[in-house]
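Shown next, in structure tokens, is the structure this report addresses.
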Amino acid sequence: MGEGKKVKYGWLLTAVFTVLSVLYVCPVIIVLINSFKRKTYINREPFRLPSGKTFVGIQNYVEGIAKIDFFNAFKYSLFITVASVAVIILCTSMCAWYISRVKSRTTSGMYYLCAFSMIVPFQMVMFTLSKISDMLHLGNPLGIVIVYLGFGAGLAVFMFCGFVKAIPLEVEEAAMIDGCTPLQTFFLVVLPILKPTCISVAILQAMWIWNDYLLPTLVLDLRKYKTIPIAVQYLKGGYGSVDMGAMMAMLVLAIIPIIIFYIACQKYIIDGVVAGAVKG
């Protein structure tokens, strides 16, 4: 009887989560469908497939790329995302290793500060952040990498600390006996073991940074630098008019890179998240 209930509820949960998955994917499919329609038909028939009179091929893509200078925005988005993720992984993994191996009040305080930073609402610091970034001249692609490091460090340190605590200390002691310095031990021994968590952190941070609109708006000099989410907003005209066809096309182009990156790395994300949550 118990086994029968388990099977019954298992099928029920599978059906519920299947429906939820479809609902989550539907908006992306709708955006893709409408990116091939004439803009006058997008509001009238948003859920219909393109037909003879509504289908425009890649015209929306060509117009969108020209209107917002998409490739220039793509360049800035790609640089900021790659540089920020690389800096976050390098700095936070070293910080987590230090916190996990050096037991003191200072390292304990550092850990709890990183954990606390995850629950502080962004709205509490956005105005101060904007003022300080202007004072320090961080309104450029290099400067915003430092800002992203500050905001991304909390979750990354939390995940790395959990994984580092699961690494046997004897592995590092053996490396030091063989003559490795602390830096060599970290880069040659610890960091390769941290690969699953590194990829998990990279996926989570890349998805956030690539799609982020608010932080670049507050920090970047928008006269010179525009990321894709910011550039897409320039498809809005006066009096509330929006070129919906071009906007849908640009949203599709913005989604594709991060989906490819996620699919390529998804097999590592579960192992990394679980490993980082086992010990904290």
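Please read these numbers as outputs of a predicted model, since none were measured by experiment. Atom set for the values below is all heavy atoms of this structure, side chains included, hydrogens, waters and symmetry mates excluded.
Rounding to the nearest 0.5 Å gives a distance of 11.5 Å between NZ of K224 and NZ of K226. Once rounded to the nearest 0.5 Å, the distance linking CG of L251 with CD1 of I228 reads 10.0 Å. Note that CE of M247 is 5.0 Å distant from CG of L235, once rounded to the nearest 0.5 Å. Atoms CG and CG, on L191 and L183 in that order, are 11.5 Å from each other to the nearest 0.5 Å. Atom CZ of residue F55 and atom CD1 of residue I33 lie 12.0 Å apart, to the nearest 0.5 angstrom. Residue M126 holds its CE atom at 11.0 Å from OG of S133, rounded to the nearest 0.5 Å.
Formation of a donor-acceptor pair under 3.5 Å by the T197 side chain with backbone atoms of F163 is not found in this model. Looking at T81, its side chain never comes within 3.5 Å of a backbone N or O of L78 through a donor-acceptor pair. In this structure, the side chain of S108 does not engage the main chain of S104 through any donor-acceptor pair within 3.5 Å. Without hydrogens or angle criteria, S93 side chain to L90 main chain gives a donor-acceptor distance under 3.5 Å. Judged by distance alone, the side chain of R38 and the main-chain N or O of V56 form no donor-acceptor pair under 3.5 Å. D221 places no side-chain N or O within donor-acceptor distance of the main-chain N or O of G139, the cut-off being under 3.5 Å.
Residues I144 and N140 are not in side-chain contact: their nearest non-hydrogen atoms beyond the backbone lie 4.5 Å or more apart. You'll find the side chain of N72 stays beyond 4.5 Å of the side chain of Y225, heavy atoms only. Side-chain contact between D134 and S130: present, with at least one pair of heavy atoms (C-beta onward) separated by less than 4.5 Å. Contact annotation: the side chain of F116 approaches that of I119 to within less than 4.5 Å [non-hydrogen atoms, C-beta and beyond]. With contacts defined as side-chain heavy-atom distances shorter than 4.5 Å, the pair F151/L129 qualifies. In this structure, Q205 and I89 have side chains that are not in contact, with every pair of non-hydrogen atoms separated by 4.5 Å or more. Side-chain contact check for N211 versus I255: every heavy-atom pair is 4.5 Å or farther apart.
Among all heavy-atom pairs drawn from P229 and Y213, the shortest one is O-CD1, 3.7 Å. Contact detail for P216 and I230: the closest heavy-atom pair is CB-CD1, 3.5 Å. Annotation for S100 and V164: closest pair CB-CG1, 3.5 Å, computed over non-hydrogen atoms. The minimum heavy-atom distance between G245 and K39, with the atom names listed, is N-CB, 3.7 Å. For the residue pair M110 and C95, the shortest heavy atom distance occurs at CE-SG, 3.9 Å. Of all the heavy atoms in I42 and M244, the pair that sits closest is CD1-C, 3.7 Å.
No continuous path of ILVMFWY side-chain contacts below 4.5 Å connects V19 to V22, so the two sit in separate hydrophobic clusters. Clustering ILVMFWY residues whenever any of their side-chain heavy atoms sit less than 4.5 angstrom apart, transitively, puts M124 in the very cluster that holds L218. The hydrophobic cluster containing M250 also contains I260, counting ILVMFWY residues as joined when their side-chain heavy atoms lie under 4.5 angstrom apart, directly or transitively. Under a hydrophobic-cluster definition in which Ile, Leu, Val, Met, Phe, Trp and Tyr are linked whenever side-chain heavy atoms come within less than 4.5 Å, directly or via other members, Y112 and L155 are assigned to the same cluster. One hydrophobic cluster holds both I132 and F127 under the rule that ILVMFWY side chains link at heavy-atom gaps under 4.5 Å.
Cation-pi geometry between R44 and Y41 is satisfied (NZ or CZ under 6.0 Å from the ring centre, within 45° of the ring normal). Seen from the ring of Y111, K103 does not count as a face-on cation partner, given the 6.0 Å and 45° thresholds.
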Steps toward side-chain contact (heavy atoms from CB on, under 4.5 Å) verdict (Q184, T181): CA-CA 5 Å; Q184 289 175 327; T181 63; 3.3 Å; yes
Is there a side-chain contact (heavy atoms from CB on, under 4.5 Å) between R101 and E172 once you walk through the steps? CA-CA 10 Å; R101 294 303 187 231; E172 298 169 33; 2.7 Å; yes
Check the pair V201, C198 against side-chain contact (heavy atoms from CB on, under 4.5 Å), reporting the backbone distance first and the verdict last. CA-CA 5 Å; V201 170; C198 287; 5.9 Å; no
I80 vs L220, side-chain contact (heavy atoms from CB on, under 4.5 Å): CA-CA, chis, key distance, verdict: CA-CA 11 Å; I80 291 171; L220 289 179; 4.2 Å; yes
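Screening residues 183-208 for ring-ring contact (aromatic ring centres under 6.0 Å, His included) gives W97-F186, Y148-W208 as the qualifying pairs, with residues at least two apart or on separate chains.
Ring geometry for W210 against F74 counts as perpendicular: the plane angle is over 60°, on a 0 to 90° scale with 30° as the lower cut.
Annotation: L32, atom CG; neighbour count of heavy atoms from other residues, nucleotides and ligands within 6.0 Å is above 12. Within a 6.0 Å radius of OH in Y98, other residues, nucleotides and ligands contribute 12 heavy atoms or fewer.
Y61 has its ring centre no less than 6.0 Å from the ring centre of F70.
Hydrophobic side-chain contacts under 4.5 Å tie I30 into a cluster, directly or through other members, with F47.
Electrostatic pairing of K37 and E45 does not count as a salt bridge here, judged by no charged N lying under 4.0 Å from a carboxylate O.
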